[in-house]
Amino acid sequence: MASKLWEKNVTVDHDVETYTVGRDREMDMYLAPYDILGSIAHITMLESIGLLSKDELSALTAELREIYRLTETGDFTIEEGIEDVHSQVELMLTRRLGDMGKKIHSGRSRNDQVLVDLKLFIRSRIEDLTAAVNRIFNTLIAQSDRYRDVIMPGYTHLQVAMPSSFGLWFGAYAEALADDLTVLHAAYKIANRNPLGSAAGYGSSFPLDREMTTRLLGFDSMNYNVVYAQMGRGKTERIVSQAIAGIAATISKLAFDACMFNSQNFGFIKLADEFTTGSSIMPHKKNPDVFELTRAKCNKLQSLPYEITLITNNLPSGYFRDLQLIKENFLPAFDSIISILDMVDTMLSQVKVNTHILDDRRYALMFSVEEVNRLAHEGIPFRDAYKQVGLAIERGEFTPMTTVTHTHEGSIGNLCNDRIKAMFDEILSRFGFETYHTAFDKLLDR
Ligand code: ARG
């Protein structure tokens with residue numbers, strides 16, 4: 001029996017087959033459950049337009065649900081010699097149900113099949129990702145509240161500049177994640193459209209009911225134009241990876257801060273000993289390897305949109321096999337960013353904060369502006385007060401008052417964490433993951 005869906009009377013060269021299949025068997029394992037859900041929706045629609053009988057639909061649906069269960073228990077595999085997940089599922093159906101299994105592909109191509117698989121995969125992994133972002137967001141807000149009164153220096157040009165606080169530092173990254181979540185939500189909206197029915201990229205002469213598969217799979221709407229639906233391959237992954245890259249950029253900056261603040265020359269934070277690693281030669285070392293690897297992993301994730309851009313950049317419209325390669329770094333990117341977020345969450349919830357930074361006289365000058373403002377308050381024009389304080393510093397006669405009195409929104413004395421949290425929760429509520437859960441439960445009869 002031919003091992004490929006498309007094999008007729010010529011057997012493909014073994015090396016060519018190895019080369020073209022590449023890592024697809026491994027990558028398609030990420031897509032297996034979604035491929036099956038897509039097929040259940042597709043055959044339900046085929047029955048409604050008379051291309052399958054009621055009996056065929058119920059037999060095929062029962063088998064597909066069986067195969068779905070195998071993906072849950074870890075017993076689904078793509079066999080040696082089988083090209084991809086689409087071929088594997090069809091093969092399993094024909095083994096169990098004979099010719100009936102061969103009917104499911106009417107009005108469909110692997111091109112719209114892999115498109116729909118990717119979109120269902122993306123929706124579900126974005127849900128996992130929002131949960132991870134939510135966890136670290138809440139830790140950041142909690143730490144910001146907890147250390148709201150602990151002053152630390154703020155830097156510009158990496159020169160001691162003005163008073164900042166741990167309340168501000170933790171809270172800044174929380175608010176950054178709120179913006180990153182907005183981008184992720186936009187990516188979710190773009191992914192949440194149904195490409196099924198576009199077939200090879202030009203539709204089908206069968207009267208497919210695309211509204212029906214859109215509803216059955218819990219999509220917001222369809223990608224209407226079949227040519228555009230196919231153009232969504234690569235574009236969707238690029239946009240989603242841009243959203244992942246945005247989160248990675250935030251965490252990478254945080255990781256750099258953490259490495260720097262943990263160094264003896266700053267000493268602002270201290271990682272628990274069990275969270276540091278040692279040196280094979282220097283017995284005193286307690287290195288922040290976790291944050292260094294976090295930084296590198298985040299930087300690597302930020303290369304993903306560029307990689308996808310390069311793979312898709314010079315392609316005209318229509319399907320090309322080039323697109324297959326996007327799966328290799330894109331599909332595992334979700335596991336990567338989620339594990340980063342969870343690790344950094346653990347680090348941040350246990351980090352020790354130095355509450356005596358100001359005892360070190362080298363930070364006295366960051367209060368210079370406070371003194372200028374105090375004089376300006378007394379009626380001295382700002383520019384004159386600036387000069388007066390500047391000259392006192394030059395003469396070594398500046399003794400700062402180290403109390404800070406900021407009250408405006410977003411400042412040391414008024415972090416607005418409750419408002420940041422309300423904003424974050426509102427963005428989170430826009431995703432509406434329940435819609436697809438309800439749809440999947442129906443497809444699986446759960
Ligand atoms: N493995 C292929 C991919 O990921 C599936 C689609 C194959 N389509 C084709 N026309 N060869 O793109």
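The model shown is predicted, which means the values in this text are computed figures rather than measured ones. Both ligands and their constituent atoms are indexed starting at 1 by order of listing.
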At what distance is the nearest protein heavy atom to atom 1 (N) of ligand 1, and which residue and atom is it?
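Heavy-atom neighbour on the protein nearest atom 1 (N) of ligand 1: D24 OD2, 2.6 Å.
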Identify, for atom 3 (C) of ligand 1, the protein heavy atom at the shortest distance, and state residue, atom and that distance.
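Here the closest protein heavy atom is Y319 OH, 3.3 Å.
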Exam field: side chain D35 to backbone D117, donor-acceptor pair closer than 3.5 Å
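Not at all, since once roles are kept as given, no pair shorter than 3.5 Å links the two residues.
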Geometry only, no angles: is D28 polar-contacting ligand 1 at N/O separations under 3.5 Å?
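In this structure, D28 places no N or O atom under 3.5 Å from an N or O of ligand 1.
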Residues T250, L177; criterion side chain to side chain contact (heavy atoms under 4.5 Å, CB included); working and verdict:
CA-CA 7 Å; T250 296; L177 289 173; 4.1 Å; yes
Side chain, backbone, both or neither: which part of K327 comes within less than 4.0 Å of ligand 1 when only heavy atoms are counted?
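The answer is the side chain.
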Go through F275 and V351 one step at a time and tell me if the side chain to side chain contact (heavy atoms under 4.5 Å, CB included) criterion holds.
CA-CA 9 Å; F275 292 161; V351 73; over 6 Å; no
So if I count the atoms of ligand 1 from 1 in the order they appear, which ones are less than 4.0 Å from some heavy atom of R233?
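Matching atoms, with element in brackets: 3 (C), 4 (O), 12 (O).
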Apply side chain to side chain contact (heavy atoms under 4.5 Å, CB included) to W169 and D257, showing your working.
CA-CA 10 Å; W169 184 67; D257 278 355; 2.8 Å; yes
Out of N111, V85, D322, who gets a non-hydrogen atom closest to atom 10 (N) of ligand 1?
N111
State which residue, out of T214, L216, T213, L120, fulfils the side chain to side chain contact (heavy atoms under 4.5 Å, CB included) condition with L196.
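Exactly one pass, corresponding to T213.
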